Student: 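Take this structure first; my questions come after.
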Amino acid sequence: MPDAGLELSRAEMRARAVQALEELADGSFAVRMRHEAAARIVVTLRRVALLAAAGDLPAAPMPPCRLAAIAEGWDATAMTAHEYAEGLPAADLALLLAEAPGWAEARRALG
């Protein structure tokens, strides 16, 4: 949960509010949130694959090949998941955001 910043000085609170309004107005907030969501999806895809390979989760349903390929492209030793998500082509970013929820629901249904 985001911090409301109530402990901030009025000047600091104002500066943060103005910055947030600017980000909302120019669309950069939405872009940042899309990258954050994509990073979480990539991490989740990788974790589920590792756990399935170790036998700690059922192997099926596997993510669609396109999702798996995007997740496998991340080198966790070279960059953060967020950095990776920021560098994804727009089509890959859109694919992650569109297809991951369906795959996650199918996985979750397994219990």
Side-chain angles (χ1 to χ4, degrees):
M1 165 113 12
D3 180 6
L6 298 178
E7 75 288 347
L8 298 174
S9 72
R10 290 177 68 96
E12 291 171 318
M13 192 181 301
R14 182 183 185 288
R16 287 190 187 184
V18 169
Q19 179 184 3
L21 289 170
E22 288 173 4
E23 290 176 351
L24 287 166
D26 70 13
S28 62
F29 177 80
V31 170
R32 188 163 36 96
M33 292 300 99
R34 287 172 55 86
H35 289 143
E36 178 63 29
R40 288 178 182 228
I41 292 166
V42 166
V43 169
T44 300
L45 285 161
R46 294 284 291 271
R47 284 182 182 157
V48 168
L50 290 169
L51 290 167
D56 294 326
L57 281 177
M62 295 306 291
C65 291
R66 296 171 302 201
L67 290 183
I70 294 168
E72 289 166 6
W74 172 44
D75 179 356
T77 63
M79 66 182 70
T80 68
H82 194 270
E83 291 167 336
Y84 178 68
E86 288 178 324
L88 285 173
D92 287 351
L93 185 64
L95 182 75
L96 279 173
L97 297 173
E99 292 194 14
W103 168 75
E105 180 60 32
R107 291 287 320 190
R108 188 178 68 149
L110 295 175

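Because the structure is predicted, anything quoted here is derived from the model rather than measured.
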Student: Is there a donor-acceptor contact under 3.5 Å from the side chain of Tyr84 to the main chain of Ile70?
Tutor: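 Indeed, once roles are kept as given, a pair shorter than 3.5 Å links the two residues.
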Student: Report whether Val42 and Val31 are members of the same hydrophobic cluster (ILVMFWY, side-chain heavy atoms less than 4.5 Å apart, transitive linking).
Tutor: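 No, Val42 and Val31 fall in different hydrophobic clusters.
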Student: Report all side-chain donor-acceptor pairs from residues 85-92 shorter than 3.5 Å, counting only partners two or more places apart or in another chain.
Tutor:
none

Student: What pair of heavy atoms forms the shortest contact from Ala71 to Arg46, and how long is it?
Tutor: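 What the structure gives for the nearest pair is O-NH1, 3.1 Å.
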Student: So which heavy atom on Leu97 is nearest to which on Ala38, and how close?
Tutor: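 Reported closest heavy-atom pair: CD2-N, 4.1 Å.
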Student: Which atom pair, heavy atoms only, marks the closest approach of Val43 to Ala81?
Tutor: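 The answer is CG2-CB, 3.6 Å.
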Student: Show every side-chain hydrogen bond (donor to acceptor under 3.5 Å, both in side chains) that has at least one partner inside residues 34-45, sequence neighbours left out.
Tutor: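 Output for this query lists Glu36-Arg40.
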Student: Between side-chain atoms of residues 47-63 and protein atoms elsewhere (two or more places apart, or another chain), which donor-acceptor pairs fall under 3.5 Å?
Tutor:
none

Student: Tell me which pairs pass side-chain hydrogen bond (donor to acceptor under 3.5 Å, both in side chains) where either residue lies in residues 62-75, with sequence neighbours left out.
Tutor: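 Residue pairs passing side-chain hydrogen bond (donor to acceptor under 3.5 Å, both in side chains), neighbours aside: Arg66-Glu99, Asp75-Thr77.
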Student: Let me check something: any side-chain donor-acceptor pairs from residues 17-28 under 3.5 Å, sequence neighbours excluded? List them with distances.
Tutor:
| residue | atom | partner | partner atom | Å |
| --- | --- | --- | --- | --- |
| Gln19 | NE2 | Glu23 | OE2 | 3.4 |
| Glu23 | OE1 | Arg32 | NH2 | 2.5 |
| Asp26 | OD1 | Ser28 | N | 2.8 |
| Asp26 | OD1 | Ser28 | OG | 2.7 |

